[in-house]
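Written below as structure tokens is the structure these notes are about.
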Amino acid sequence: MSISQNLATILQQIQSVTEKANRQPNSVKLLAVSKTKPVEDIQQAIDAGHRAFGENYVQEGVEKIQHFAGNSQLEWHFIGPLQSNKTRLVAENFAWIQTVDRLKIAQRLNDQRPENLPELNVLIQINISDEESKSGIAPNEMLELAREISLLPRLKLRGLMAIPKPESEPEQQRIALQKMEELFKQLQAEFSDIDTLSMGMSDDMQSAIECGSTMVRIGTAIFGSRA
Ligand SMILES: *Cc1c(COP(=O)(O)O)cnc(C)c1O
């Protein structure tokens, strides 16, 4: 299957699951995760009409952003773990960061966001399955970090992101996803402008949409498996 066919299939699936879940049409956005894939693959997705891409590695992401700098319609999301010595590259190049999990990183991104760019869109990453190896904050730390981020003028807090522990059964998948949905509602109750709940990958997309995801991050099902 070609990348453009894969994209069409995924968009169709998103639409039909959204409809079945009685959610508004177009309420779930597709982020194409292009990590490790060459610019030729991204070009194919662009030619098929896609605009939003997610990258995990700072250097690789910045090289791709620079390669496509002539296309101002593209929207680049940083979705990998971020060390504080790499914040400047993210602040200067990306439109979104989905993995903020501590104030120090947020402050650096705020200070380094160039004046000529719009505010950097931020999602707080939640370690929803409480995995030791995973980034993200504990659910009970969410509101405090959100309050601190909301005071930083060059950042725009948009919502939450999670990478739940992989589960094959939808029932099992939904446990963590429903917790995220609850947290998202709590956040929305305190802050206006919270509109993004980023969850759902190739293997749990359907469950994630049923649990209120507004952005699914799909790599393998679009670009094929990674080396
Ligand atoms: C790699 C990755 C994805 C995409 O995963 P697939 O299983 O290939 O769809 C989504 N989100 C994050 C944070 C990732 O690192």
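Counting starts at 1 for both ligands and their atoms, following the listed order. Note that this is a predicted model, so its numbers are computed, not measured. Note that these values count all heavy atoms, side chains included, but never hydrogens, waters or copies made by symmetry.
- The residues Glu60 and Lys35 are annotated as not salt-bridged, no charged nitrogen and carboxylate oxygen being separated by less than 4.0 angstrom.
- Applying the 4.0 Å criterion to heavy atoms of Asn56 picks out, from ligand 1, the atoms 14 (C), 15 (O).
- Contact annotation: for Met161 versus ligand 1, heavy atoms closer than 4.0 Å belong to the side chain alone.
- Between the side chain of Arg23 and the backbone N or O of Ile209 there is at least one donor-acceptor pair closer than 3.5 Å.
- With Ile218 as the fixed residue, the side-chain contact (heavy atoms from CB on, under 4.5 Å) test singles out one of Val33, Leu30, Leu7: Leu30.
- Using cut-offs of 30° and 60° on the angle between ring planes, the pair Phe78 and Phe94 is perpendicular.
- Proximity of Thr99 to ligand 1, defined as any heavy-atom pair under 4.0 Å, is not found for any part of the residue.
- Between Met201 and ligand 1, no N or O atom pair is found at a separation short of 3.5 Å.
- Of the possible donor and acceptor atoms, one in the side chain of His50 sits under 3.5 Å from a partner among the backbone N and O of Ala52.
- Selection from Arg217, Glu55, Lys35 by nearest heavy atom to atom 2 (C) of ligand 1 gives Lys35.
- Applying the side chain to side chain donor-acceptor pair (under 3.5 Å) rule to Glu55 yields the partners Ser34, Lys64; only residues at least two apart in sequence or on another chain are considered.
- For atom 9 (O) of ligand 1, the nearest protein heavy atom (residue, atom name, distance) is Ser202 OG, 2.6 Å.
- For ligand 1 and Thr220, the ligand atoms under 4.0 Å from any heavy atom of the residue are 6 (P), 7 (O), 8 (O), 9 (O).
- Between the side chain of Gln98 and the backbone N or O of Leu123 there is no donor-acceptor pair closer than 3.5 Å.
- Listed by number with element, the atoms of ligand 1 under 4.0 Å from a non-hydrogen atom of Ile163 are 13 (C).
- Taking every heavy atom of Ile218 and a limit of under 4.0 angstrom, the matching atoms of ligand 1 come to 9 (O).
- Close to ligand 1: Arg226, with a non-hydrogen atom less than 4.0 angstrom away.
- Contacts with ligand 1 closer than 4.0 Å are made by heavy atoms of both the backbone and the side chain of Ile79.
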Checklist entry - For Gln107 and Asp111, what are the C-alpha separation, side-chain angles and deciding distance, and is it a side chain to side chain donor-acceptor pair (under 3.5 Å)? => result CA-CA 6 Å; Gln107 282 168 333; Asp111 295 346; over 6 Å; no
